[in-house]
Colleague: 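Quick one: the structure is below, questions incoming.
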2 protein chains.
Amino acid sequence: MIDAERKFREYLSEKGLRFTSERLAILLHVMSLHEHFAVDDLHHQLRQKGLSISHATVFRTLALLIDCGIVQKLPCEKMPARYEHIFGHLHHDHMFCLRCGRIIEFHNAPIERWQQKVAEEHRFQMTGHHLIIRGYCEKCH
Amino acid sequence: MIDAERKFREYLSEKGLRFTSERLAILLHVMSLHEHFAVDDLHHQLRQKGLSISHATVFRTLALLIDCGIVQKLPCEKMPARYEHIFGHLHHDHMFCLRCGRIIEFHNAPIERWQQKVAEEHRFQMTGHHLIIRGYCEKCH
DNA sequence: ATAGTATTGATATTCGTTTTCAATTGCAAC
DNA sequence: GTTGCAATTGAAAACGAATATCAATACTAT
């Protein structure tokens, strides 16, 4: 059993929810992906594996995975939201190249700390943040 | 004529678009607001002024104002997007309350500087960024 | 096994936003 | 000023991602 499955089982158990075959299948597939994905991608890939899991269940399960901290949702403008598994990964933000669409991930501890500080100054309980640096990558200057 | 109007006129002219009474009315009202607003707020306020401008036109005009840099859109999760005029204002970022929708503005120089630094480290030419801190405001803890 | 409740899939619904299209209007050329 | 043409408008319909509904099903504890 992978760590993520253990964590998901514990989360569900604590909430009095059930560990179903659909939820396991979605979890395992999500953990196997190494790129950002949309709900339709995930749903389609599960079908290709021969699993007939409904659209609604994919949405519902992703919501659970987000709530228990295994998955992160990336709100995308003018397109369906993208998701990525974050369990076992370090937090990162994104740079987005306006010309070639390339996504560069980065992590910067001072930025994280200053965000915390700013939130505290405003007595704001931070649950997350979303930082995208827009511009042009090395190749597209 | 206010500066924003001059800028909007120039933008429309360059694009071969027309400066209509509806667009002027929306521009002036948007510039008069000192808070973030949703499309419905704007539409309703215009109606209260006796102007009968359609929902569609409000959306269409806001898209133009964004494109020409007078207005900024703030994508809000699970609720209608908010807008604000940015022409003539200093840059700032936002905290967004997931419960009441309140928006808190902040400016933090270190975060801005570290973003520049991170971009330079990746030889990324930054043209802008978008930072939203999500969570719960003082009242909604 | 049984009861009780969570979960599922199919479908319908929601609601912010966009598109359609005929009527209107700005704007530039005369 | 008049004219012609394309941009713009309002009303309504369409769109689409996400959510809710609900009867059937399946998990879990006893």
Side-chain angles (χ1 to χ4, degrees), chain A residues 5 8-27 29-30 36-44 46-47 49-68 71-83, chain B residues 1 5 8-27 29-30 36-47 49-68 71-83 96 98 101 103:
Chain A
E5 181 179 339
F8 196 30
R9 279 182 185 274
E10 280 171 15
Y11 165 84
L12 292 171
S13 178
E14 280 169 17
K15 292 265 183 177
L17 303 176
R18 295 171 183 170
F19 191 81
T20 65
S21 62
E22 290 85 355
R23 287 176 179 169
L24 173 60
I26 291 170
L27 170 68
H29 192 79
V30 163
H36 306 90
F37 58 91
V39 169
D40 273 351
D41 301 331
L42 179 54
H43 187 235
H44 191 248
L46 289 166
R47 297 225 147 210
K49 277 177 151 181
L51 299 165
S52 64
I53 295 176
S54 74
H55 222 80
T57 295
V58 174
F59 270 103
R60 288 186 281 230
T61 302
L62 282 173
L64 294 173
L65 290 171
I66 290 167
D67 192 43
C68 90
V71 166
Q72 181 178 23
K73 180 178 182 174
L74 309 173
C76 298
E77 289 177 46
K78 303 211 173 208
M79 41 180 74
R82 305 301 170 84
Y83 300 80
Chain B
M1 188 193 299
E5 182 179 337
F8 196 30
R9 279 182 185 275
E10 280 171 16
Y11 165 83
L12 292 171
S13 178
E14 280 168 17
K15 292 266 183 178
L17 303 176
R18 294 172 182 170
F19 192 82
T20 65
S21 62
E22 289 86 355
R23 287 175 180 173
L24 173 60
I26 291 169
L27 170 68
H29 192 80
V30 163
H36 306 88
F37 57 91
V39 169
D40 273 350
D41 301 331
L42 178 54
H43 187 234
H44 192 247
Q45 289 163 18
L46 289 167
R47 296 225 149 212
K49 276 178 152 181
L51 299 165
S52 64
I53 295 176
S54 73
H55 223 80
T57 296
V58 174
F59 272 103
R60 287 187 280 231
T61 302
L62 282 173
L64 295 173
L65 290 171
I66 290 167
D67 192 43
C68 91
V71 165
Q72 182 178 22
K73 180 179 183 175
L74 311 174
C76 300
E77 291 176 46
K78 302 210 176 209
M79 36 182 82
R82 308 298 174 80
Y83 300 80
F96 177 67
L98 296 169
I103 291 171

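What you are looking at is a predicted structure, and each value in this text was computed from that prediction instead of being measured. Proteins get letters first, then strands, A, B, ... in listed order; numbering begins at 1 in each. Hydrogens, waters and symmetry mates play no part in the numbers below; they use all other heavy atoms, side chains included.
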Colleague: May I have the distance from B:L46 (atom CG) to D:dT9 (atom C1'), rounded to whole angstrom?
Modeller: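 Atom-to-atom, B:L46 to D:dT9, this comes out as 15 Å.
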Colleague: B:H55 NE2 to D:dA11 P: how many Å, rounded?
Modeller: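 In whole Å, D:dA11 P lies 12 Å from B:H55 NE2.
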Colleague: Go through B:T20 and B:T57 one step at a time and tell me if the side-chain contact (heavy atoms from CB on, under 4.5 Å) criterion holds.
Modeller: CA-CA 11 Å; B:T20 65; B:T57 296; over 6 Å; no
Colleague: Rounded off to whole Å, could you give me the CG-to-P distance for the A:L17 and D:dA26 pair?
Modeller: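 These atoms are roughly 19 Å apart.
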Colleague: Taking the side chain of A:A56 as heavy atoms from C-beta outward, which of D:dA18, C:dT8, C:dA10 is closest to it?
Modeller: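 Comparing D:dA18, C:dT8, C:dA10 against the side chain of A:A56, the answer is C:dA10.
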Colleague: Roughly how many Å is it from CZ in B:F59 to P in C:dC15, rounded to a whole number?
Modeller: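 The distance from CZ of B:F59 to P of C:dC15 comes to 14 Å, rounded to the nearest Å.
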Colleague: For B:S21 and B:Y83, find the nucleotide of DNA chain C closest to each by heavy atoms; which residue's nucleotide sits nearer the 5' end?
Modeller: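 Per heavy-atom nearest nucleotide, the more 5' residue is B:Y83.
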Colleague: Counting heavy atoms not belonging to A:H55, are there more than 12 under 6.0 Å from its NE2?
Modeller: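 Yes, the 6.0 Å shell around NE2 holds more than 12 heavy atoms from other groups.
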Colleague: Mapping B:K78 and B:T61 onto DNA chain D by nearest heavy atom, which one lands closer to the 5' end?
Modeller: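 Of the two residues, B:T61 wins.
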Colleague: Between C:dT17, C:dT7, D:dG10, which nucleotide has the shortest distance from any of its atoms to the side chain of B:V39?
Modeller: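 When the side chain of B:V39 is considered, C:dT17 is the closest of C:dT17, C:dT7, D:dG10.
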Colleague: Can you classify the ring geometry of A:F8 versus A:Y11 as parallel (below 30°), tilted (30 to 60°) or perpendicular (above 60°)?
Modeller: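 Aromatic pair A:F8/A:Y11 classed parallel.
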Colleague: Choose from D:dG10, C:dC27, C:dT7 the nucleotide whose nearest atom is closest to any side-chain atom of B:F19.
Modeller: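 From the listed options, C:dC27 comes nearest.
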Colleague: Less than 4.5 Å apart, any side-chain heavy atom of B:E22 and any of B:T61?
Modeller: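 Answer no - side chains too far apart.
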Colleague: When you match B:R60 and A:I53 each to their closest nucleotide on DNA chain C, which lands nearer the 5' end?
Modeller: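 Final value for this comparison: A:I53.
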Colleague: Whole-Å distance between D:dA17 P and A:K73 NZ?
Modeller: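 In whole Å, D:dA17 P and A:K73 NZ are 12 Å from each other.
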Colleague: Looking at the side chain of B:T20, which of C:dT8, D:dT8, C:dT5 is the nearest nucleotide?
Modeller: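 Taking heavy atoms from C-beta onward, the closest nucleotide is D:dT8.
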